[in-house]
There are 2 protein chains.
Amino acid sequence: MARAATTSDAFNAVAEPRRRQILIYLAHDERQVGDIVTALGLDQPSVSKHLGVLREVGLVRVRRNGRHRLYRTNAEAIRPLHDWTETFERYWSHQLNRVKERAERTEAQINRDRASNQKS
Amino acid sequence: MARAATTSDAFNAVAEPRRRQILIYLAHDERQVGDIVTALGLDQPSVSKHLGVLREVGLVRVRRNGRHRLYRTNAEAIRPLHDWTETFERYWSHQLNRVKERAERTEAQINRDRASNQKS
DNA sequence: ACAATACATACCCATATAGGAATATGTCAA
DNA sequence: TTGACATATTCCTATATGGGTATGTATTGT
């Protein structure tokens with residue numbers, strides 16, 4: 001079997017860096033396709049295809065306005081990613097704590113060494 | 001150009017569902033490969049290859065112990081994903097608020113309609 | 001040394017890309 | 001209607017994938 005389709009879920013869709021850029025760009029308000037093209041310096045068919053993928057997995061919403069189409073990020077669809085990554089939050093803080101503890105132990109050791117050096 | 005390599009970054013690496021399962025499984029303590037195989041019901045070469053990808057992007061750490069290899073999730077490497085998704089946190093709460101507001105407006109409208117119906 | 005165990009790697013293959021170029025569709029304006 | 005503009009779609013191609021199967025490599029126990 002080949003790799004899962006980019007349209008199979010949000011995880012696959014956001015694996016592509018350009019699509020992540022587009023999502024950020026469309027996060028705070030709606031923009032037409034041409035704006036994305038000039039803002040990100042991609043060419044139009046490329047943008048349209050990326051938008052197609054994002055549309056298919058519900059990461060963006062479209063609205064027609066005359067000959068323009070106004071796209072906007074559907075932040076709600078990014079939540080599953082956030083939730084999944086959050087599973088690991090306690091672990092990385094643990095790891096940070098371990099690093100911090102070790103640093104503190106090391107510092108304490110240095111202080112002890114210093115003290116014993118002064119004694120000698 | 002084809003799709004970016006799965007090993008190009010954490011985003012691409014976690015796009016694969018099995019790899020996400022593996023990361024969850026290895027999150028709270030280290031396990032040997034055989035455990036992953038039986039726990040997730042995949043076959044061994046498949047697991048090894050997934051671990052190879054995860055290793056290459058730093059999402060797991062390995063330690064040799066006799067003929068076993070003990071793998072563990074490196075939660076720190078998941079942080080960039082978390083950070084990226086967090087960019088959208090304020091937007092999805094906004095959207096929820098908008099939905100709620102609209103629901104309230106609709107309800108208010110219904111009440112108004114009801115009132116005017118009673119007048120007539 | 002040898003067999004067994006635990007993993008990793010190599011190979012083959014069907015498949016889905018992303019980019020580029022060209023073209024189609026749809027909408028406005030005169 | 002015709003042309004200009006905005007966007008979507010189609011076609012092409014090189015490339016990397018994940019699954020399966022087979023084999024390689026390291027380590028242990030006897």
Side-chain angles (χ1 to χ4, degrees), chain A residues 1-23 25-26 29-73, chain B residues 1-23 25-26 29-73:
Chain A
M1 222 180 269
R3 222 202 291 203
T6 57
T7 52
S8 55
D9 56 25
F11 283 95
N12 281 279
V14 305
E16 165 66 41
R18 316 295 198 159
R19 284 197 284 267
R20 288 202 298 279
Q21 289 185 256
I22 292 175
L23 288 173
Y25 183 68
L26 296 176
D29 56 354
E30 45 183 21
R31 301 280 192 183
Q32 59 196 72
V33 178
D35 291 345
I36 307 174
V37 171
T38 61
L40 304 190
L42 305 172
D43 40 33
Q44 178 266 315
S46 179
V47 170
S48 277
K49 277 190 285 187
H50 284 313
L51 287 172
V53 172
L54 294 173
R55 236 187 299 129
E56 200 163 338
V57 299
L59 280 164
V60 296
R61 301 287 184 212
V62 215
R63 187 167 73 85
R64 305 186 67 149
N65 184 19
R67 37 186 156 181
H68 303 115
R69 300 203 186 185
L70 299 172
Y71 279 89
R72 180 218 299 253
T73 297
Chain B
M1 223 179 268
R3 222 200 292 202
T6 56
T7 52
S8 55
D9 57 24
F11 283 96
N12 281 278
V14 306
E16 166 65 41
R18 316 294 197 160
R19 285 198 284 267
R20 287 202 299 280
Q21 289 185 255
I22 291 175
L23 288 172
Y25 183 68
L26 295 175
D29 56 355
E30 45 183 22
R31 300 279 192 182
Q32 57 196 73
V33 180
D35 291 345
I36 308 175
V37 171
T38 59
L40 303 191
L42 306 173
D43 40 33
Q44 178 267 315
S46 179
V47 169
S48 278
K49 275 190 287 186
H50 284 313
L51 288 172
V53 172
L54 295 173
R55 236 188 299 129
E56 200 164 338
V57 298
L59 279 165
V60 295
R61 301 286 184 215
V62 216
R63 187 168 73 85
R64 304 187 65 152
N65 185 19
R67 40 186 155 182
H68 305 303
R69 303 206 182 183
L70 298 173
Y71 279 89
R72 176 169 53 96
T73 298

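Below, read A as the first sequence line, B as the second, and so on, with proteins coming before strands; counting in each chain starts at 1.
Whole-Å rounding puts the A:Lys49 NZ to C:dA16 P distance at 16 Å. One interatomic measurement links the two molecules: CG of A:Leu54 to P of D:dA8, which rounds to 12 Å at whole-angstrom precision. Atom CG of A:Asp43 and atom P of C:dA21 are 8 Å apart (whole Å). Taking atom CD of A:Glu56 as the reference point, atom P of C:dA18 lies 12 Å away to the nearest angstrom. Rounding to whole angstrom units, CG of residue A:Leu70 and C1' of C:dG26 are separated by 15 Å. Between the CD1 atom of B:Ile36 and the P atom of C:dA6 there is a distance of 14 Å, given to the nearest Å. Regarding A:Leu42, its CG atom lies at a distance of 13 Å from the P atom of C:dA18, rounded to whole Å. Taking atom CZ of residue A:Arg63 and atom P of nucleotide D:dT7, one finds them 13 Å apart after rounding to whole Å.
Distances shorter than 4.0 Å separate none of the side-chain N or O atoms of A:Tyr71 from OP1 or OP2 on D:dA6. Contact check, A:His50 against C:dG19: a side-chain N or O comes under 4.0 Å of OP1 or OP2. Between A:Ser48 and D:dT7 there is no side-chain polar atom (N or O) within less than 4.0 angstrom of OP1 or OP2. Proximity of B:Arg64 to the phosphate of D:dA26: no side-chain N or O atom is located under 4.0 Å from OP1 or OP2. One finds a side-chain N or O of A:Ser46 lying less than 4.0 angstrom from the OP1 or OP2 phosphate oxygen of C:dG19. Residue B:Arg19 has a polar side-chain atom (N or O) positioned under 4.0 Å from OP1 or OP2 of D:dG18. When the side-chain nitrogen and oxygen atoms of A:His68 are compared with OP1 and OP2 of D:dT7, none of them lie within a distance under 4.0 Å.
Out of C:dT9, D:dG18, C:dG19, the shortest distance to the side chain of B:Arg55 is found at C:dT9. Of the candidate nucleotides C:dA16, D:dA16, C:dG19, C:dA16 has the atom lying nearest to any side-chain atom of A:Ala5. Side chain of B:Ala2, nearest nucleotide from D:dG19, C:dT17, C:dA22: C:dT17. Closest to the A:Leu51 side chain, of the nucleotides C:dA8, D:dT17, D:dA8, is D:dA8.
Looking at heavy atoms from C-beta onward, A:Val57 lies out of side-chain contact with A:Asp9 at the 4.5 angstrom threshold. Between A:Arg19 and A:Val14, every side-chain heavy-atom pair lies at or beyond the 4.5 Å cut-off.
Each of A:Pro45 and A:Thr7 was assigned the nucleotide of DNA chain C with the nearest heavy atom; the assignment lying further toward the 5' end belongs to A:Thr7. Nearest-nucleotide positions on DNA chain D for A:Val47 and A:Met1 put A:Val47 closer to the 5' end. Each of A:Thr6 and B:Gln32 has a nearest nucleotide on DNA chain C; the 5'-most of these lies closest to B:Gln32. Comparing A:Asp35 and B:Ser8, the nucleotide of DNA chain D nearest to each residue sits closer to the 5' end for A:Asp35.
Between the side chain of A:Gln44 and the base of D:dA8, at least one donor-acceptor pair of N or O atoms lies under 3.5 Å.
Under a cut-off of 6.0 angstrom, the local environment of CZ in B:Arg18 is sparse, with at most 12 non-hydrogen atoms contributed by other residues, nucleotides or ligands.
Judged by distance alone, with hydrogens and angles left aside, the side-chain atoms of A:Asn12 form a donor-acceptor pair with the main-chain N or O of B:Ala15 at under 3.5 Å. The main-chain N or O of B:Tyr71 is never found under 3.5 Å from a side-chain atom of B:Arg61 such that the two would form a donor-acceptor pair.
The side-chain hydrogen bond (donor to acceptor under 3.5 Å, both in side chains) test with A:Glu30 singles out one residue from A:Arg69, A:His68, A:Arg63, and that residue is A:Arg63.
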